[in-house]
Amino acid sequence: MTPVNPEFVPDPDASRSEMKAQQRRLSSEAIFTDKGCPSPDSVTLTETPDLDNHTSVTADDPIVVGIDQAFEDDTAVSAAAAIQNGEILEVVCGRTPLSIPYIPGLLAFREGEPIIDALAQLTVDPDLLVFDGSGRIHYRQAGIATHIGVLYDVPAIGVTKNLLCGTPAESLEEPLSEGTQVAIRADEEVDAEAGTLLGYALQTRQFPNPTVRHVNPVFVSPGHQVAPKTTIRLVGALGTGYKLPAPVRLADRAAAECKR
DNA sequence: GCGACAG
DNA sequence: ATCTTGTCGC
């Protein structure tokens with residue numbers, strides 16, 4: 001696939017103020033409500049054969065693409081794994097030289113190039129992109145999930161293991177029971193009206209076994225064309241039994257293999 | 001100046 | 001993100 005809005009191609013050589021300015025333009029273009037994103041109910045994690053018709057009833061279920069990166073020396077690799085009905089349709093790998101270091105808030109400018117390289121090789125067209133990175137939970141409401149989502153004008157969501165910014169509505173110190181969701185709202189360090197709902201902390205899995213007493217929640221947020229609540233439902237539909245959504249786990253593994 | 005900070 | 005062995009337990 002090819003970017004629909006080339007003006008949002010992240011330029012690693014731009015100045016930091018230019019990067020931030022682009023993110024502010026991005027967030028105004030981003031849509032944080034349901035629009036074109038697949039229904040969580042239509043996203044199946046496993047194939048469900050239709051015994052009556054001897055065929056699969058999920059022929060045109062949404063195509064969900066997980067995206068993740070890995071690094072080696074001065075090279076960045078990005079893997080995109082396309083899943084439909086819990087079946088892997090395609091896995092592609094992008095590779096570009098590393099341009100800039102990791103800077104909190106500017107992740108898309110470091111990882112955007114390999115991602116674009118990977119998506120250019122994708123032959124199927126995604127109904128949803130799932131990133132290992134923030135969407136609206138971002139200083140300028142323009143995390144990597146929002147950036148790439150708007151760039152291609154495709155529904156996107158972000159999932160992280162750590163919170164970048166924003167304030168949880170409740171303490172996350174105590175172990176949360178599975179399924180618990182805690183709102184993450186805009187505070188002083190976020191360019192948004194204080195209290196704006198940015199995303200959620202979501203306890204996708206807890207007490208995997210008697211030994212592992214505690215698992216941290218993940219942080220989910222809308223990237224583009226998805227509402228906060230729908231983001232939670234989508235992550236829930238994509239993550240049965242694991243902390244992270246299946247597409248992200250597959251992309252993570254694929255990126256590691258891309259290095260070899 | 002101090003503290004915070006996705007991957 | 002990345003550097004890295006074994007080990008405990010389902």
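Note that the coordinates shown come from a computational prediction; the quantities given were computed from them, not determined experimentally. Values reported hereafter were calculated over all heavy atoms of this structure, with side chains retained and with hydrogens, waters and symmetry mates removed. Just so we're on the same page: letters track the sequence lines, and every chain starts at 1.
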Novice: Are any non-hydrogen side-chain atoms of A:Lys161 and A:Leu244 less than 4.5 angstrom apart?
Specialist: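 The answer is yes; the side chains approach within 4.5 Å.
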Novice: Take the protein atom CZ of A:Phe131 and the nucleotide atom P of C:dA1, then report the distance between them rounded to whole Å.
Specialist: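 The answer, rounded to whole Å, is 16 Å.
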Novice: Base, sugar-phosphate, or nothing: which does A:Ser134 touch, judged by heavy atoms less than 4.0 Å apart?
Specialist: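 Base contact - A:Ser134 has a heavy atom under 4.0 Å of at least one base atom.
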Novice: Using atom CD of A:Glu72 as one end and atom P of C:dC3 as the other, report the distance to the nearest whole Å.
Specialist: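 Rounding to the nearest Å, CD of A:Glu72 and P of C:dC3 are 8 Å apart.
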Novice: Using atom CG of A:Leu244 as one end and atom C1' of B:dG7 as the other, report the distance to the nearest whole Å.
Specialist: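 Atom CG in A:Leu244 sits about 13 Å away from atom C1' in B:dG7.
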Novice: In whole Å, what is the span from the NZ atom of A:Lys259 to the P atom of C:dA1?
Specialist: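 Distance check: A:Lys259 NZ to C:dA1 P gives 10 Å.
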Novice: Quick one: label A:Gly158 by what it contacts on the DNA or RNA (base, sugar-phosphate, nothing), any heavy atom closer than 4.0 Å.
Specialist: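 A:Gly158: no heavy atom of the nucleic acid under 4.0 Å.
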Novice: Just how far is it from atom OH of A:Tyr152 to atom CG of A:Asp125, taken to the nearest 0.5 Å?
Specialist: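 Answer rounded to 0.5 Å: 13.0 Å.
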Novice: When we call it a touch if two heavy atoms are under 4.0 Å apart, what does A:Leu98 touch: a base, just sugar-phosphate, or nothing?
Specialist: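 Touches nothing.
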Novice: Looking at the side chain of A:Asp68, which of B:dC5, C:dA1, B:dG7 is the nearest nucleotide?
Specialist: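 So the side chain of A:Asp68 is nearest to B:dG7.
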Novice: Could you tabulate the donor-acceptor pairs under 3.5 Å formed by side-chain atoms of residues 62-83 of chain A, not counting sequence neighbours?
Specialist:
from    : atom 1 : to       : atom 2 : distance (Å)
A:Gln69 : OE1    : A:Ser78  : OG     : 2.9
A:Gln69 : NE2    : A:Glu111 : OE1    : 2.8

Novice: Which listed nucleotide (B:dG7, B:dC5, C:dT2) is nearest to the side chain of A:Ala70?
Specialist: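 When the side chain of A:Ala70 is considered, C:dT2 is the closest of B:dG7, B:dC5, C:dT2.
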Novice: How close or far is atom P of C:dT2 from atom CG of A:Asp74, stated in whole angstroms?
Specialist: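 From A:Asp74 CG to C:dT2 P: 14 Å.
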Novice: Could you tell me how far apart A:Ile144 (CD1) and C:dA1 (C1') are, to the nearest whole angstrom?
Specialist: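 The answer, rounded to whole Å, is 12 Å.
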Novice: Below 4.0 angstrom from OP1 or OP2 of B:dA6, is there any side-chain N or O of A:Tyr102?
Specialist: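 For A:Tyr102, the contact criterion (side-chain N or O under 4.0 Å from OP1 or OP2 of B:dA6) is met.
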Novice: Would you say the side-chain atoms of A:Ser42 and A:Ser39 include a donor-acceptor pair closer than 3.5 Å?
Specialist: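 Their side chains do not contain a donor-acceptor pair, so the 3.5 Å distance test is not met.
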Novice: Within less than 4.0 Å of OP1 or OP2 of B:dG7, is there a side-chain N or O belonging to A:Asn162?
Specialist: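 The answer is yes; a side-chain N or O of A:Asn162 sits under 4.0 Å from OP1 or OP2.
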Novice: Less than 3.5 Å apart, which donor and acceptor atoms pair up between the side chains of residues 91-101 of chain A and the rest of the protein, not counting sequence neighbours?
Specialist:
from    : atom 1 : to       : atom 2 : distance (Å)
A:Arg95 : NH2    : A:Cys258 : O      : 2.7

Novice: Round to the nearest Å and state the distance from A:Leu107 atom CG to B:dA6 atom P.
Specialist: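 Going from A:Leu107 (CG) to B:dA6 (P), I get 10 Å.
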Novice: Nearest 0.5 Å, please: how far is CG in A:Leu106 from NZ in A:Lys20?
Specialist: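 That separation rounds to 6.5 Å.
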Novice: Give each stem of DNA chain B as a range with a range, requiring at least 3 consecutive Watson-Crick or G-U wobble pairs whose two distances are under 3.5 Å.
Specialist: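 Stems (3+ consecutive pairs): none listed.
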Novice: If you define the side chain from C-beta out and look only at heavy atoms, does anything of A:Val159 sit under 4.5 Å from A:Val235?
Specialist: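 In contact.
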Novice: Contact class for A:Tyr139 vs. all strands (heavy atom < 4.0 Å): base, sugar-phosphate, or nothing?
Specialist: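 It contacts base atoms.
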Novice: Rounded to whole angstroms, how far apart are CD1 on A:Ile100 and C1' on B:dG7?
Specialist: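 Distance check: A:Ile100 CD1 to B:dG7 C1' gives 12 Å.
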